A.B. asks: 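Submitted below is the structure of interest, expressed as structure tokens.
Please read all numbers here as calculations on a predicted model, not as lab measurements. Here is how names work: the chains are called A, B, and so on, in the same order as the sequence lines, proteins then strands, and each is numbered from 1.
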2 protein chains.
Amino acid sequence: MSINLDRRKKYTRMVLKNSFIQLLNEKAFSSITVKEICVLADINRSTFYTHYTDQFDLLYQIEAEIIEEMNKYLNECNFVEEEESIEMTEKLLEYIKNRKEICQTLLHRNTGTSFEKRVMDIAREFLLNKAINMKTTEASYLSTFIISGALHVIKEWLANDTKESPRRIAEMISQFTNKGLLFMN
Amino acid sequence: MSINLDRRKKYTRMVLKNSFIQLLNEKAFSSITVKEICVLADINRSTFYTHYTDQFDLLYQIEAEIIEEMNKYLNECNFVEEEESIEMTEKLLEYIKNRKEICQTLLHRNTGTSFEKRVMDIAREFLLNKAINMKTTEASYLSTFIISGALHVIKEWLANDTKESPRRIAEMISQFTNKGLLFMN
DNA sequence: GACACCGTGTTGGATATTCAACAAACAGTT
DNA sequence: AACTGTTTGTTGAATATCCAACACGGTGTC
């Protein structure tokens, strides 16, 4: 998205995205029509097609934007040491909290969305990259185990309206990671 | 405002009006520039001039719309008897409550705004027309006394975020009108 | 199968808005 | 008075969006 985008285009995309997200909160993706997106957004349907191919395209672009933003946000940190893992987790959670509505919507969808996978990839890259040697099969499964667990913790956190602080959740995830059930003792 | 107004025009006018009202809440009318209205509204300045002549025109149109809506709202009631005064007052207060933000802004301005006078005219017409014989000088002063008092009650009510119900305020105004200080006994 | 309705993808012309630029007026500073 | 910065009112060309319409496909009803 160019920095010099005409403000009309910006507005149009914004309202189409927001309307689509609102509808996603109310009904299944497969039952959402281009027409109702445009009615809700108060945008002419032909204009929709100058920006997006269809609902899949719209969804994909929304997801891509969030992923790009997330990456950017996380790349703004210059962490150096291994104990930075908890800080990175916190940072990721801050981002998610800031965009909690769209993140909840996208992570909550009941299809095998690529968004969930993309978030897991980011988490894997930023949170575990320096903590686990990825060269063994076990390590690969372990990282999947950990990231999947973390993701579902995040989903629950979102469902609880991000009541706990990002730091608190980051600490919990870190301890679950390091101690597993030993954490309960 | 035609029923078939192009949606782009509708949007443009809406954001210009809302931005102007927001600025009115923050600073004096005389210090508000066309430029900052447009910046806040994210609308090109030349577009402002296709809709409005200047800030005065914008203000005037906003006021005219509110007055027209108010009249319409009040004309939807078919009251028949003299005791309907209290119902009309309530109705007017309902309208004001529904549009409390803009009403408070416009009534709160520290210039001799025509809006205040126009609201007083409406109040005079709907609330007192059947209750006071307007043919004497004293009656004219009396109605001015009553309407002015009522209007300042309304302003105070708005400043208290319309905490009391329109009915409660309507009853109070009615009793102040009918009994003056006897109400305190 | 015929019909009605709905959403879709597309088209062409009209319209509203954008943008950059200009000249002028205004206000503040030296 | 000269200079600087800001806002204003305006202009013309480009652009984005609007609107109505069309043909088509899909669905449901009789």
A.B. asks: If you round to the nearest 0.5 Å, how far is CD of B/Glu156 from NE2 of B/His152?
C.D. replies: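 Taking NE2 in B/His152 and CD in B/Glu156, the distance rounds to 10.0 Å.
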
A.B. asks: Go nucleotide by nucleotide along DNA chain D from the 5' end; which of B/Val34 and A/Lys9 gets its closest nucleotide reached first?
C.D. replies: B/Val34

A.B. asks: Grab the NE2-C1' distance between A/His51 and C/dG9 for me, whole Å please.
C.D. replies: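 Those two atoms, NE2 and C1', are 16 Å apart.
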
A.B. asks: Nearest-Å distance, CG (A/Leu16) to C1' (D/dA16)?
C.D. replies: 13 Å

A.B. asks: A/Ser46 or A/Gln55: which one's nearest nucleotide on DNA chain C is closer to the 5' end?
C.D. replies: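 Nearest nucleotide further toward 5': that of A/Gln55.
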
A.B. asks: Please report the distance, rounded to the nearest Å, between NZ in B/Lys10 and C1' in C/dT15.
C.D. replies: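 Spelled out: NZ on B/Lys10 to C1' on C/dT15 is 15 Å.
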
A.B. asks: Rounding to an integer number of Å, can you tell me how far B/Arg45 CZ sits from C/dC22 P?
C.D. replies: 14 Å

A.B. asks: Starting from the 5' end of DNA chain D, give me the residue, B/Lys35 or A/Thr50, whose nearest nucleotide shows up first.
C.D. replies: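 Its nucleotide being nearer the 5' end, the pick is B/Lys35.
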
A.B. asks: Are A/Glu69 and A/Tyr95 close enough that a side-chain donor and a side-chain acceptor fall under 3.5 Å?
C.D. replies: yes

A.B. asks: Any side-chain N or O of A/Thr33 less than 4.0 Å from the OP1 or OP2 oxygen of C/dG7?
C.D. replies: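 Answer no for this pair, as no side-chain N or O of A/Thr33 is under 4.0 Å from OP1 or OP2.
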
A.B. asks: Can you say whether a donor on the side chain of B/Arg8 sits under 3.5 Å from an acceptor on the base of C/dT17, or the other way round?
C.D. replies: no

A.B. asks: Rounded to the nearest angstrom, tell me the gap between atom CG in A/Asn44 and atom C1' in D/dA21.
C.D. replies: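 Rounded to the whole Å, the gap is 12 Å.
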
A.B. asks: Using whole Å, report how far CG of B/Asp54 lies from C1' of D/dT10.
C.D. replies: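 Between C1' of D/dT10 and CG of B/Asp54: 15 Å.
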
A.B. asks: Please report, rounded to the nearest Å, how far the P atom of C/dG7 is from the CG atom of A/Leu23.
C.D. replies: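 The answer, rounded to whole Å, is 13 Å.
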
A.B. asks: Quick one: B/Tyr49 OH to D/dG12 P, roughly how many Å, whole number?
C.D. replies: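 Computing the B/Tyr49:OH to D/dG12:P distance gives 18 Å.
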
A.B. asks: I'd like to know if A/Asp6 and A/Arg8 make a salt bridge, using a cut-off of under 4.0 Å between side-chain N and carboxylate O.
C.D. replies: yes

A.B. asks: Tell me whether B/Lys10 is salt-bridged to A/Asp42, with the criterion being a basic N under 4.0 Å from an acidic carboxylate O.
C.D. replies: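 Salt bridge: no.
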
